Amino acid sequence: MSTSDHSAAPASFSVTVADVELEPEDLDPAQIVSGEPVVTGKVLWESPDGSQVRGIWQITPGVVTDTEANELFVVVSGRATVEVEGGGTLEVGPGSACVLREGDKTTWTVHETLRKAYHISY
């Protein structure tokens, strides 16, 4: 029988994603295609080596481009169309679970302020 050493891990916790207060995040003006989108977020947990991050992220309506990391996210509120260069078009909204591959070049058209809970691996 094996046991896990949880002494170095943070305590388990729970949050209500819709209620978490988010902090302003920088958005490179070169990423903005149209509109005046504003990005906010909150890191809830990060591995000691920085290779994994879990948190909540939000963006207001507009169109932005991005180069993705390995990410799994679940949309809590809002709607967006995510076009993956050389791939498909993803329509995401409340309850959508989405996986993005590292290096994917995307264009996000945010129709309604979108809030998501995410896990990123670098």
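All residue numbers in this chain count up from 1 along the given sequence. Computed from a predicted model, the values in this text were never measured in an experiment.
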Considering all heavy atoms of both residues, which atom of [X] and which atom of [Y] are nearest to each other, and what is their separation?
| X | Y | value |
| --- | --- | --- |
| V110 | E112 | CG1-O, 3.3 Å |
| A69 | S121 | CB-O, 4.3 Å |
| D49 | S51 | OD1-OG, 2.7 Å |

Below 4.5 Å, heavy atoms only, C-beta onward: do [X] and [Y] meet side chain to side chain?
| X | Y | answer |
| --- | --- | --- |
| W57 | V39 | yes |
| V63 | I32 | no |
| C98 | V75 | no |
| R115 | L22 | yes |
| I59 | V38 | no |
| V43 | R54 | no |

H111 vs T81, test: side-chain contact (heavy atoms from CB on, under 4.5 Å). Steps then yes/no.
CA-CA 8 Å; H111 310 289; T81 301; 2.8 Å; yes

Criterion side-chain contact (heavy atoms from CB on, under 4.5 Å) on V64 and D66, from CA distance to verdict
CA-CA 7 Å; V64 298; D66 200 8; 5.8 Å; no

Would you list the pairs meeting salt bridge (Lys or Arg N to Asp or Glu O under 4.0 Å) in which at least one residue belongs to residues 80-101, sequence neighbours left out?
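Every pair satisfying salt bridge (Lys or Arg N to Asp or Glu O under 4.0 Å) with a residue in residues 80-101: R101-D104.
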
Can we say E23 and K42 salt-bridge, meaning some charged N sits less than 4.0 Å from an Asp/Glu carboxylate O?
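Yes, E23 and K42 are salt-bridged.
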
State whether the side chain of T113 and the backbone N or O of G78 hold a donor-acceptor pair below 3.5 Å, judged by distance alone.
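No: the side chain of T113 does not pair with the backbone of G78.
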
Hey, mind stepping through L100 and F73 against side-chain contact (heavy atoms from CB on, under 4.5 Å) and telling me if it holds?
CA-CA 9 Å; L100 297 172; F73 68 84; 3.8 Å; yes

Using side-chain hydrogen bond (donor to acceptor under 3.5 Å, both in side chains), reason through E68 and T106 one step at a time and then give a plain yes or no.
CA-CA 7 Å; E68 305 297 339; T106 56; 2.6 Å; yes

Answer yes if the ring centres of Y118 and W45 are under 6.0 angstrom apart, and no otherwise.
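Distance test on ring centres: not under 6.0 Å, no.
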
Between T40 and E25, does any side-chain donor sit less than 3.5 Å from a side-chain acceptor?
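Looking only at side-chain atoms, E25 and T40 do not form any donor-acceptor pair under 3.5 Å.
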
So, E71 and H119: side-chain donor and acceptor under 3.5 Å apart, yes or no?
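There is no such pair (donor and acceptor under 3.5 Å, judged by atom type) between the side chains of E71 and H119.
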
Do the side chains of V53 and V76 join up, straight or via other hydrophobic residues, at under 4.5 Å, putting them in one cluster?
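No, V53 and V76 fall in different hydrophobic clusters.
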
Among I56, V74, L44, find the residue that satisfies the side chain to side chain contact (heavy atoms under 4.5 Å, CB included) test when tested with V17.
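Considering I56, V74, L44, a side chain to side chain contact (heavy atoms under 4.5 Å, CB included) with V17 is found only for I56.
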
